Student: 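Would you mind keeping the following structure in view while I ask a few things?
These numbers come from the heavy atoms of this one structure, side chains and all, not from hydrogens, waters or symmetry mates. Numbers restart at 1 for each chain; the letters A, B, ... are given by sequence-line order, proteins then strands. Just so we're clear, the structure is a prediction, and the values are computed from it rather than from any experiment.
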Number of protein chains: 2
Amino acid sequence: MARTQGSHSGITGPKIREAALRLFAQQGYAAVSMRQIAKEVGVQAGALYNYTPDKQSLLFNLMETHMVELQAAWDAVPRADSALERLRAFTGFHIRFHLERPDAVFIAYMELRNLTEENFTVIESLRRDYENGVEGILKEGVEQEVFRIPDTKIATLAVIAMLNGVNTWYRSEGRLSLDEVETVYWGMVQKAVSA
Amino acid sequence: MARTQGSHSGITGPKIREAALRLFAQQGYAAVSMRQIAKEVGVQAGALYNYTPDKQSLLFNLMETHMVELQAAWDAVPRADSALERLRAFTGFHIRFHLERPDAVFIAYMELRNLTEENFTVIESLRRDYENGVEGILKEGVEQEVFRIPDTKIATLAVIAMLNGVNTWYRSEGRLSLDEVETVYWGMVQKAVSA
DNA sequence: CTTTTATCTGAACGTATGTTCAGTTACGGT
DNA sequence: ACCGTAACTGAACATACGTTCAGATAAAAG
């Protein structure tokens with residue numbers, strides 16, 4: 001047999017990416033085999049190669065898509081009037097965006113070492129772009145003397161690291177609502193950079 | 001040939017742990033083979049099994065040692081008088097301890113998913129102990145109204161996440177000295193939890 | 001010097017890996 | 001109704017994996 005009933009090209013591609021995303025996040029890129037992904041999709045391993053040239057491209061594709069979507073989503077957030085308001089908007093955005101995609105976030109941070117050198121360069125560049133956006137807000141706030149931080153680069157990384165931490169513990173059935181989490185974190189971020 | 005010249009048991013064991021630590025951190029547990037570790041030590045793969053029952057134990061041993069040492073080192077830091085001073089001491093301690101062992105830190109945070117269920121439980125418990133120590137400081141500060149934070153558990157995780165971020169960017173040849181880094185982070189931590 | 005023992009080699013075990021490809025099937029277009 | 005082709009199978013490829021073990025060797029013990 002070949003080409004099982006009801007199989008359409010438009011459905012297998014996404015299914016592969018979804019399965020790879022979940023499995024890579026759960027077990028790690030190196031620990032997941034192409035056969036494992038194929039099984040999850042309901043297909044033989046060879047069929048995957050109609051959708052990706054190799055395993056590495058599959059990983060890179062997932063990470064690049066995530067980073068591009070992240071940047072696009074942030075660009076789509078209306079630009080607030082003050083640096084303080086922009087930082088608040090960023091805090092909320094970052095938390096929510098990351099909590100909606102725990103697997104992609106996990107992969108984007110943990111599987112960098114499994115990327116080819118060229119692929120790594122691309123992803124790193126996308127990450128730097130995103131970080132620079134945040135640093136821009138901080139710099140502006142420092143100039144206007146609404147923020148006081150000795151080093152905007154470090155502060156940027158510190159804020160992002162702090163916010164990323166949410167993904168390690170937040171559970172939607174948990175004690176706090178998303179709004180509460182956002183409020184708590186905004187309180188800390190705001191104070192941490194305040195003048 | 002067997003038992004090459006000058007080989008002593010006291011030297012191969014540590015060499016294996018060092019090689020495994022470095023390789024696991026660089027490439028990930030699943031991506032590193034026993035033969036690769038053996039090559040780094042200058043020995044055949046089979047010889048590793050005189051020092052570890054299997055690959056999993058090697059990983060677990062590294063992680064457990066790291067967590068135990070972390071706790072012991074923090075316990076050895078003299079207890080400061082006020083909650084504020086204790087938090088400052090913790091900030092400095094945590095940054096320095098982690099920067100001295102980037103590989104072990106990386107593994108302890110990234111390879112949890114490659115642990116057996118029982119092994120995972122042990123490591124998680126050790127981590128919780130460490131976190132609880134920090135939360136104790138925050139709780140005390142809140143009671144004495146020197147800190148104001150809506151949720152000490154979240155604040156604990158946020159502070160630790162922020163501090164852990166140092167390891168992703170700090171280079172000893174870089175722009176800032178260790179003391180400067182410590183000062184900058186302490187400034188942010190202090191403000192973030194301040195009343 | 002002789003014996004014991006810790007340490008390591010080298011080969012082998014069964015299994016799994018990423019990837020390729022000739023062949024097969026079911027769908028889309030005519 | 002027929003064909004062309006996109007989509008998939010199933011087997012095969014070379015290579016690598018974790019682990020075991022009989023045998024070899026150098027150091028330690030007597």
Student: Show, in sequence, the C-alpha distance, side-chain angles and deciding distance for A/F90 and A/Y130, and conclude whether the ring-ring contact (aromatic ring centres under 6.0 Å, His included) test is met.
Tutor: CA-CA 11 Å; A/F90 170 77; A/Y130 184 69; 5.8 Å; yes
Student: Roughly how many Å is it from CD in A/Q44 to P in D/dG10, rounded to a whole number?
Tutor: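 Distance check: A/Q44 CD to D/dG10 P gives 5 Å.
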Student: Quick check on DNA chain C: between A/A31 and B/A47, whose nearest nucleotide comes earlier from the 5' end?
Tutor: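 By nearest-heavy-atom nucleotide position, the 5'-most residue is B/A47.
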Student: For A/D54 and C/dC21, what is the distance between atoms CG and P respectively, to the nearest whole Å?
Tutor: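 In whole Å, C/dC21 P lies 14 Å from A/D54 CG.
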Student: Quick one: B/Q36 CD to D/dC17 P, roughly how many Å, whole number?
Tutor: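 Rounded to whole Å, this separation is 7 Å.
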Student: Which nucleotide in the list D/dT19, C/dT19, D/dG18 gets nearest to the side chain of B/S33?
Tutor: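 Within the option list, the nearest is D/dG18.
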Student: Does the ring of B/Y29 carry B/R113 above it, NZ/CZ under 6.0 angstrom from centre and within 45° of its axis?
Tutor: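 Relative to the ring axis of B/Y29, which defines the angle, B/R113 lies outside at least one limit.
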Student: Under the side-chain contact (heavy atoms from CB on, under 4.5 Å) rule, what do B/Y170 and B/I95 come out as? Steps first, then yes or no, please.
Tutor: CA-CA 10 Å; B/Y170 182 82; B/I95 289 177; over 6 Å; no
Student: Whole angstroms only, please: what is the NZ-C1' distance between A/K39 and C/dA16?
Tutor: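 The distance from NZ of A/K39 to C1' of C/dA16 comes to 13 Å, rounded to the nearest Å.
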Student: Within this structure, what is the CZ-to-P distance between B/R35 and C/dC8, rounded to whole angstrom?
Tutor: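 In whole Å, C/dC8 P lies 18 Å from B/R35 CZ.
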Student: On DNA chain D, does the nearest nucleotide to A/L48 precede the nearest nucleotide to B/P53 from the 5' side, or the other way round? Give the residue.
Tutor: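 Looking at DNA chain D, the more 5' nearest nucleotide goes with A/L48.
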Student: I want to verify a distance call: between D/dC8, C/dG18, C/dC8, whose nearest atom is closest to the A/M34 side chain?
Tutor: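 Of all the options, the side chain of A/M34 is nearest to C/dG18.
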Student: Would you kindly say whether A/N119 and A/Q56 are connected by a side-chain donor-acceptor distance under 3.5 Å?
Tutor: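 Yes, because at least one side-chain N or O of A/N119 sits under 3.5 Å from a partner of the opposite role on A/Q56.
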Student: Between atom CG in A/N50 and atom C1' in C/dT24, what is the gap in whole Å?
Tutor: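 For the pair A/N50 CG and C/dT24 C1', the rounded distance is 14 Å.
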Student: Of the nucleotides C/dT19, C/dC8, D/dT9, which one has an atom closest to the side chain of A/Y49?
Tutor: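 Minimum distance to the A/Y49 side chain belongs to C/dT19.
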Student: Whole Å only: how far is the NZ atom of B/K55 from the C1' atom of D/dC17?
Tutor: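 Answer to the nearest Å: 8 Å.
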Student: If you only use heavy atoms from C-beta on, which nucleotide in C/dT19, C/dC8, D/dC8 is closest to the side chain of B/T12?
Tutor: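 Of the options given, the side chain of B/T12 lies nearest C/dC8.
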Student: Measure from the side-chain N and O atoms of B/K191 to the backbone N and O of A/S194, and report whether any donor-acceptor pair falls under 3.5 Å.
Tutor: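 Such a contact is found between B/K191 side chain and A/S194 backbone.
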Student: Under 4.0 Å between any heavy atoms, over every strand shown, what does B/V32 touch: base, sugar-phosphate, or nothing? Just pick one.
Tutor: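 Sugar-phosphate only.
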